[in-house]
Amino acid sequence: MLLADILASLFPGGHEVIVQGGLASGRGTLPSGSQLAVIGVDGRLPVGIDEAARLARHVLDVTTSGSNDPILVLVDSDSQRMSKRDEMLGLSEYLAHLAKCLIHADAHGHPTIGLLYGHTAAGAFIATALATRVLLALPGAEPAVMDLPSMSRVTKLPIEVLQEKAKSTPVFAPGLDNLAQTGGVAAVLDPTRSLADQLEAVLTTVAGTGLQADTRDQLGKQRQGRPKAADIAERVRELALASV
Amino acid sequence: MSSPSWFEASARQRVKEMLDQDSFVEFIGPEQRETSPHLSLFDLPEQFDDGMIVGRGLLDGKPVFIAAQEGRFMGGAFGEVHGAKLTGLLRAARDVGSIPVVILFDTGGVRLQEANAGELAIAEIMRAVVEARLAGVPVVGLVGGRAGCYGGGGLTAGSCSALAVSEQGRISVSGPEVIETNRGVEEFDSKDRALVWRTMGGKQRYLIGGADVFADDTVASFRDAARYVIEHAAALDLDTLQAEQVRLEQRIERFGACADAIDIWRSMGAADPQSLPGMAFEDFVALADGLKETRHVAR
């Protein structure tokens, strides 16, 4: 789905979301009357220092607005911008700052919902969609950790071997189904139905303030994409608490 | 007796030497053989601790939770078990609410053979770091290992309350080889080691405000640094985030047009910026503290 169609389906009464330089920001009113703040990355834009700073500024504007509006994070991005300039100026700080702003907002009355409708990868994925409380996706979304040529360079495995393994090994292969199995995506929406209705149903489950437990590892266990993470994390937590 | 090199030490040596003598207690140690469930698919060897050590100990008689990555196993990369151990430790720190967490980073980022599990692990760790910090717990990072602190490791480090870095510590998202593969050797020549160090290395990070303390490459220096950053850790609240926003926007305004780190150092006022990479520890610290961008580093 295109961003314009998504916004039209979410906000049939119109909205004030603008897209500038590939970044979306603004607000809309759902059919029920509840307000929603929106930020986003569109058109497979890479997220570099400039983009991360602008998105974080929008999130902080919502946090300081005095409202209790949930924040919808729409994502169709490239990976982080891979350049000398971005790394020289500390891209890790900018992406971490964006993620912190989103998680902080979530903890202070602005539940965050991600909606993945296109591509995303690596650090851009972590700082946007994966920093939200509930991540939704539309069919056709293409999350990835790293492109196969880079993976081949880093792992020193031929790209043909990686392509072959990608077909049989969900834990490493790119793609929405594989990521959903690990617990990263809560639900895939139905594009033939009203997105507003589907989003409102999700919003009722995240109403209220404060952080809720991060249950993605448990979801990954149920879906058999991550057999050990939930149990290891819980065992360490219990041992650590018992040691105090 | 001189203190051992941080860069050369293993993760276990760093933990042992950093904490008060015999105070370390490990959670899910190697004797439990909780190995990666995925590496065998790639015919790769496993390690009994999956390259991550977590536990508790004492620093100057005060309790700390500690986590250390072994950069010599799979480049210290975050896999499912590796990451889950740190997540569990951070969640405990959040629940206790008073014991600081010290993370000894040494990582190339997400372990690509289990990429989806590793990516999710980073997302969970970052959320757990923020939860611990919101509960008032300092979460501090030390960066000076062989593998550097790349990819999701760089993002996790950027979520910490405070960071200490040595000259050898590199903090970055995309590694040199990944930039070169995607953008070409004209954008970044990964074989040009001097370029790597001055773009991503500890000196550049300290100068532009990406780390709070510049440590010498010894366990003793990192121990001092850990003590300092725990004490000076920033609380995570709206004021801190707004200050960080301003700090990061100003960095783009001031240095966004610089083509190289040398240009940044020159515009900061370094008389002989070319000499910075070769400068000895004490000389660099003295110079840097005169030049340094931001004294109070909100993060």
Side-chain angles (χ1 to χ4, degrees), chain A residues 49-50 53 56-57 60 63 80 82-84 87-97 99-101 103-104 107 123 125-127 130 145-146 149-151 153-155 169 171-172 178-179 182-184 211 214 216-217 220 225-229 232-237 239-241 243-244, chain B residues 25 27-28 34 37-38 41 54 56 65 80-81 84-85 87-89 91-92 95-96 110 112-117 119-120 122-124 126-127 130-131 134 152 154-155 158-159 171-174 177-179 181-183 187-188 199-200 208 210 238 241-242 244-245 248-249 251-252 255 261:
Chain A
I49 57 173
D50 306 279
R57 168 66 71 187
L60 289 175
T63 315
Q80 72 273 8
M82 296 176 179
S83 81
K84 177 183 175 186
E87 293 302 349
M88 179 175 77
L89 291 173
L91 179 58
S92 55
E93 290 178 80
Y94 288 80
L95 294 177
H97 174 67
K100 283 185 288 188
C101 288
I103 301 170
H104 174 269
F125 188 17
I126 294 172
L130 287 176
V145 176
M146 193 185 257
S150 300
M151 251 192 205
R153 177 97 191 241
V154 175
T155 60
T169 312
V171 73
F172 113 91
N178 297 327
L179 191 84
T182 63
L211 281 174
D214 186 348
R216 289 175 288 191
D217 52 1
R226 279 194 293 162
K228 292 181 91 166
I232 293 279
E234 186 53 21
R235 274 171 63 198
V236 168
R237 193 184 71 89
L239 286 164
L241 290 178
S243 79
V244 173
Chain B
V25 179
F27 308 138
I28 312 190
E34 289 291 0
H38 309 296
L41 298 167
V54 295
R56 62 159 279 162
F65 288 128
E80 177 171 348
V81 172
K85 285 191 192 177
T87 303
L89 191 77
R91 288 176 181 168
D95 294 346
V96 175
V110 168
L112 296 173
Q113 291 82 359
E114 39 190 297
N116 296 324
E119 184 95 344
L120 262 291
I122 299 284
E124 285 160 352
M126 286 173 64
R127 186 161 270 261
V130 171
E131 287 179 8
L134 289 172
L155 270 76
S159 306
I171 307 174
S172 166
V173 188
S174 309
E177 294 188 335
V178 171
I179 302 177
T181 301
N182 281 276
R183 298 285 303 278
E187 176 68 26
F188 205 92
T199 306
M200 304 167 173
I208 64 168
L238 193 54
L241 289 174
Q242 285 178 314
E244 182 172 50
Q245 179 75 30
L248 295 176
E249 286 173 350
R251 188 187 294 167
I252 295 176
F255 308 121

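Residue numbers start from 1 in every chain, and the chains themselves are labelled A, B, ... in the order their sequence lines are given, proteins ahead of strands. The structure displayed is predicted, hence computed values, not measured ones.
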Give, as side chain, backbone, both or neither, the part of [X] having an atom under 4.5 angstrom from any heavy atom of chain B.
| X | answer |
| --- | --- |
| Glu93(A) | both |
| Leu91(A) | both |
| Met151(A) | both |
| Ser83(A) | both |

Max heavy-atom pair count under 4.5 Å with chain A, selected residue of [options]:
| options | answer |
| --- | --- |
| Met200(B), Gln242(B), Gln113(B), Glu177(B) | Glu177(B) |
| Glu244(B), Glu114(B), Arg183(B) | Glu244(B) |
| Leu41(B), Thr181(B), Val173(B), Asp95(B) | Val173(B) |

Where does [X] contact chain A at under 4.5 Å (heavy atoms): side chain, backbone, both or neither?
| X | value |
| --- | --- |
| Leu155(B) | both |
| Arg91(B) | both |
| Arg127(B) | both |
| Leu248(B) | both |
| Val130(B) | side chain |
| Val81(B) | both |

[X] (side chain) donor-acceptor with [Y] (main chain) under 3.5 angstrom:
| X | Y | answer |
| --- | --- | --- |
| Lys228(A) | Ala84(B) | no |
| Arg216(A) | Gly183(A) | no |
| Glu187(B) | Lys84(A) | yes |
| Gln80(A) | Gly123(A) | yes |
| Ser172(B) | Ser174(B) | yes |

Of Glu124(B), Glu119(B), Glu80(B), the one forming a salt bridge (charged side-chain N to carboxylate O under 4.0 Å, His left out) with Arg226(A) is Glu124(B)

message: Evaluate Glu249(B) against Arg57(A) for salt bridge (charged side-chain N to carboxylate O under 4.0 Å, His left out), listing each step before the verdict.
response: CA-CA 10 Å; Glu249(B) 286 173 350; Arg57(A) 168 66 71 187; 2.8 Å; yes

Between Gly90(A) and Ile208(B) the two heavy atoms that sit nearest each other are N-CD1, 4.3 Å

